[in-house]
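A short write-up of the structure that comes next.
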Amino acid sequence: MEIGRFQALAALKHRNFRLFWCGQLISLMGTWMQNMAQGWLVLQLTNSPFLLGLVNAVQFTPMLVLALVAGVVADRVPKRRLLIITQSSLMLLAFTLGILTLTGLVRYWQVLILAGLLGIVNSFDMPARQSFVVEMVGKHDLMNAIALNSSIFNAARIIGPALAGLVIGRLGMAASFLLNAASFVAVIGGLLLIRVPEDSWPQQAETRILEKIGEGLDYIRRTPVILQAITLMASLSILTMNFNVLIPVLARNTLGQQAEGYGLLMSASGIGAFGGAVMLAFLSKNGPRRQLLLGGAAGLCLFQLLLAATRSYFVAFLLLAFTGWSMITFTASVNTTLQLNVPDNLRGRVMSVYALVFGGVTPIGSLFSGSIAHLWGAPAAMATGATMGMLSLIIIMYGLPYKKGIRPQH
């Protein structure tokens, strides 16, 4: 049995996953640079937390509408081909925003439109990307692959915002968007080199899309371990994961920071999340643990409640790190629990529901947090969401049936 550092890197023995992982490592740094720069750009253009929340709502509304359809598409077409199309589209959108900002032509309504287009593309990208992992590594190394993906996602979350803060201060916001566009070359190149057998995705009979969606939803409803994880994910996504809206407002209005300080705060949550992902990589041989899922959910609410009470930049940095640790422990545990309890022919559809409750409900959460922050400030929005999140955790854990899921086969 693999132990130590070899177990922590087990999924990298698969050539296809190495190509995918290395491409993502570069591209995700650009993605986080754009996330940070876009929030700062909107605040500069509008000076309104509510309008910042509206941008996030517009960006994630397409996922709310299209995620289930995208899951059917992910189960019906080669996922590698679909990912090449979506990643190329994301590169074009980043380039467009960069050019508009560079030329000084950028306006708030343009950011709204581009955010909406970004949401449409991500609606198809996320379920395909999530369900493609098992095709590259198999079920034995699936949790390790998810943990390694989380580690680079959050390593990028550390480097990207901090780098964006420096780039904005010295080169302007356009440079962040253009660097993000350039970073997609790495992941597209990796996808072009990946070789997946044609029989690795199921060829399904022609049936109506609504019928296919219904099959996936019915499976979730009949599988208690999946139903509980999905319901909890939806609740906490709405109430406690609105960092793109609240951290820029907290940094500027409560803690008195500029772009560099804001970038470092965004990096703080990434530092904690990276630590959580590394921990999960070492623990992956044991499969998903219910204690980790519940502990991550509780920590996410608790540390965010404490964050709402502080006015110290240093303490806020530490609490955001603990919040990031808790969030990645929770979300990666949910992801693995779902993928190990779903048959291959339903994987895209179940993971599209994961995408829906992870990102698709963001419009609701963004408007919820943005409205409270607009009226009473970011700390009030954080405290409200964290309190309601803890209550929902208790209700879901005691109100929904739970049946232990399968364990990974060794």
Side-chain angles (χ1 to χ4, degrees), residues 29 31-53 55-56 153-173 176 239-277 296 299-329 365-366 369-370 372-387 389:
M29 282 191 282
T31 298
W32 276 105
M33 288 182 69
Q34 172 148 336
N35 286 345
M36 185 271 185
Q38 180 176 287
W40 202 251
L41 174 63
V42 171
L43 277 182
Q44 295 288 90
L45 290 173
T46 68
N47 199 36
S48 169
F50 175 77
L51 291 179
L52 175 58
V55 168
N56 280 274
F153 180 83
N154 290 292
R157 190 174 172 184
I158 298 167
I159 300 168
L163 184 59
L166 294 174
V167 169
I168 290 172
R170 288 161 175 76
L171 301 176
M173 276 177 284
S176 292
L239 297 170
T240 65
M241 298 186 192
N242 302 304
F243 298 114
N244 285 350
V245 175
L246 294 179
I247 294 182
V249 181
L250 180 76
R252 195 182 72 164
N253 295 353
T254 304
L255 302 176
Q257 299 296 310
Q258 296 303 312
E260 289 84 353
Y262 162 43
L264 288 174
L265 279 182
M266 289 291 285
S267 294
S269 60
I271 291 170
F274 178 74
L300 178 60
C301 299
L302 175 62
F303 291 123
Q304 196 164 143
L305 188 62
L306 294 174
L307 180 63
T310 187
R311 297 299 180 269
S312 163
Y313 182 81
F314 177 72
V315 174
F317 187 95
L318 291 178
L319 288 172
L320 275 169
F322 285 119
T323 302
W325 180 294
S326 301
M327 184 177 72
I328 200 62
T329 301
S366 293
S369 294
I372 296 176
H374 183 76
L375 294 173
W376 298 297
M382 288 181 170
T384 303
T387 302

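Along the sequence shown, residues are numbered consecutively beginning with 1.
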Closest non-hydrogen atom pair, [X] against [Y]:
| X | Y | value |
| --- | --- | --- |
| V249 | A378 | CG1-CB, 4.1 Å |
| M382 | L246 | CG-CD1, 3.7 Å |
| C301 | G389 | SG-C, 3.5 Å |
| L43 | L52 | CG-CD2, 4.2 Å |
| S176 | V167 | OG-CG1, 3.8 Å |
| S369 | A381 | O-CB, 3.7 Å |

Any side-chain heavy-atom pair from R311 and P379 closer than 4.5 angstrom? yes

CA sep, side-chain torsions, deciding dist, call: L163, M33, side chain to side chain contact (heavy atoms under 4.5 Å, CB included): CA-CA 7 Å; L163 184 59; M33 288 182 69; 3.8 Å; yes

Looking at Y313 and G261, would you say the former's side chain and the latter's main chain have a donor-acceptor pair under 3.5 Å? yes

Sub-3.5 Å donor-acceptor pair from the side chain of Q304 to the main-chain atoms of T240, do we have one? yes

Trace of the side chain to side chain contact (heavy atoms under 4.5 Å, CB included) decision for I247 with L320: CA-CA 10 Å; I247 294 182; L320 275 169; 3.8 Å; yes

Just how far is it from atom [atom1] of [X] to atom [atom2] of [Y], taken to the nearest 0.5 Å?
| X | Y | atom1 | atom2 | answer |
| --- | --- | --- | --- | --- |
| L45 | W40 | CG | CH2 | 12.5 Å |
| T387 | L305 | OG1 | CG | 5.0 Å |
| M29 | Q34 | CE | CD | 15.0 Å |
| L302 | L319 | CG | CG | 9.0 Å |
| T46 | L51 | OG1 | CG | 4.5 Å |

One pair to check against side chain to side chain contact (heavy atoms under 4.5 Å, CB included): M173 and Q38. What are the steps and the verdict? CA-CA 8 Å; M173 276 177 284; Q38 180 176 287; over 6 Å; no

For a side chain to side chain contact (heavy atoms under 4.5 Å, CB included) check, start with the C-alpha distance between M327 and S269, then their side-chain angles and the critical distance, and finish with the verdict. CA-CA 9 Å; M327 184 177 72; S269 60; over 6 Å; no

Who are the side chain to side chain contact (heavy atoms under 4.5 Å, CB included) partners of A321, not counting sequence neighbours? none

For W325, enumerate each residue passing the ring pair (Phe, Tyr, Trp, His ring centres under 6.0 Å) test, keeping only those at least two apart in sequence or located in another chain. none

Would the number of heavy atoms belonging to other residues, nucleotides or ligands and lying under 6.0 Å from CZ of F322 be above 12? no

